[in-house]
Amino acid sequence: ARFVSWLRPAHSPAYAFADRWPLADSLTLCRSVHPGVVAFSHERPEQTVDAAIRQLLEQGRLKRGDTVVILTTVSAGDRLVDAVKMRVLE
């Protein structure tokens, strides 16, 4: 979240999710970052991403057809690796 805020996105909000409020609250210090809390699945990171997107859809912050860029951790065999993904919401 801090790296994204340093880029100062002018036309795109940045949403960052943590697994507890104290960490999420600390993200409010990052410019252009809107924090949230979602339960993390460390074994299946994709479930965490899906839960965060569902939450943003329910809050009306995203809508079907929006393109989102996701900075996350994904499973690669027996390892977790950082990844950048782009998804169009259906």
Side-chain angles (χ1 to χ4, degrees):
R2 288 181 183 94
F3 292 126
V4 171
S5 75
W6 292 339
L7 296 173
R8 306 277 194 262
H11 304 287
S12 301
Y15 300 104
F17 286 86
D19 59 349
R20 50 193 156 73
W21 273 113
L23 178 56
D25 286 340
S26 72
L27 296 172
T28 60
L29 299 174
C30 299
R31 181 180 174 190
S32 302
V33 173
H34 306 277
V37 172
V38 69
F40 273 45
S41 171
H42 297 287
E43 296 80 30
R44 304 208 46 216
E46 191 63 29
Q47 286 182 341
T48 303
V49 172
D50 291 341
I53 289 174
R54 250 190 328 275
Q55 187 178 105
L56 292 170
L57 286 166
E58 290 168 3
Q59 293 172 347
R61 294 179 176 208
L62 295 177
K63 62 184 181 310
R64 307 280 179 212
D66 282 351
T67 300
V68 295
V69 176
I70 303 160
L71 307 172
T72 188
T73 302
V74 295
S75 297
D78 61 343
R79 297 178 24 199
L80 295 176
V81 296
D82 294 331
V84 178
K85 302 187 314 183
M86 188 172 77
R87 185 189 296 183
V88 177
L89 301 180
E90 299 175 353

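Predicted, not measured: the structure shown is a model, and the values here were computed from it.
- At a threshold of 4.5 Å between side-chain heavy atoms, the hydrophobic network of Ile, Leu, Val, Met, Phe, Trp and Tyr places L80 and I70 in two separate groups.
- Across every non-hydrogen atom of G65 and V88, the tightest pair is O-CG1, 3.8 Å.
- Side chains of V68 and L56 form no contact here, defined as non-hydrogen atoms less than 4.5 Å apart.
- No side-chain heavy atom of H34 sits under 4.5 Å from any side-chain heavy atom of Q59.
- Here the shortest heavy-atom pairing between V38 and A52 reads CG2-N, 4.0 Å.
- Under the 4.0 Å criterion applied to side-chain N and carboxylate O atoms, R87 and D50 are assigned as salt-bridge partners.
- When the side chains of ILVMFWY residues are joined at heavy-atom separations under 4.5 Å, either directly or via intervening members, V49 and L89 end up in a single hydrophobic cluster.
- Here the side chain of R64 pairs a donor or acceptor atom with the backbone of E90 at under 3.5 angstrom.
- For the pair Q55 and F17, the minimum side-chain heavy-atom distance is below 4.5 Å.
- The same ILVMFWY cluster, assembled from side-chain heavy atoms under 4.5 Å apart, contains both Y15 and F40.
- Here the closest heavy-atom approach between residue A24 and residue A18 is recorded as N-CB, 3.8 Å.
- For the pair T48 and T72, the minimum side-chain heavy-atom distance is 4.5 Å or more.
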Side chain to side chain contact (heavy atoms under 4.5 Å, CB included) between L71 and D82: does it pass, once the steps are laid out?
-> CA-CA 7 Å; L71 307 172; D82 294 331; over 6 Å; no

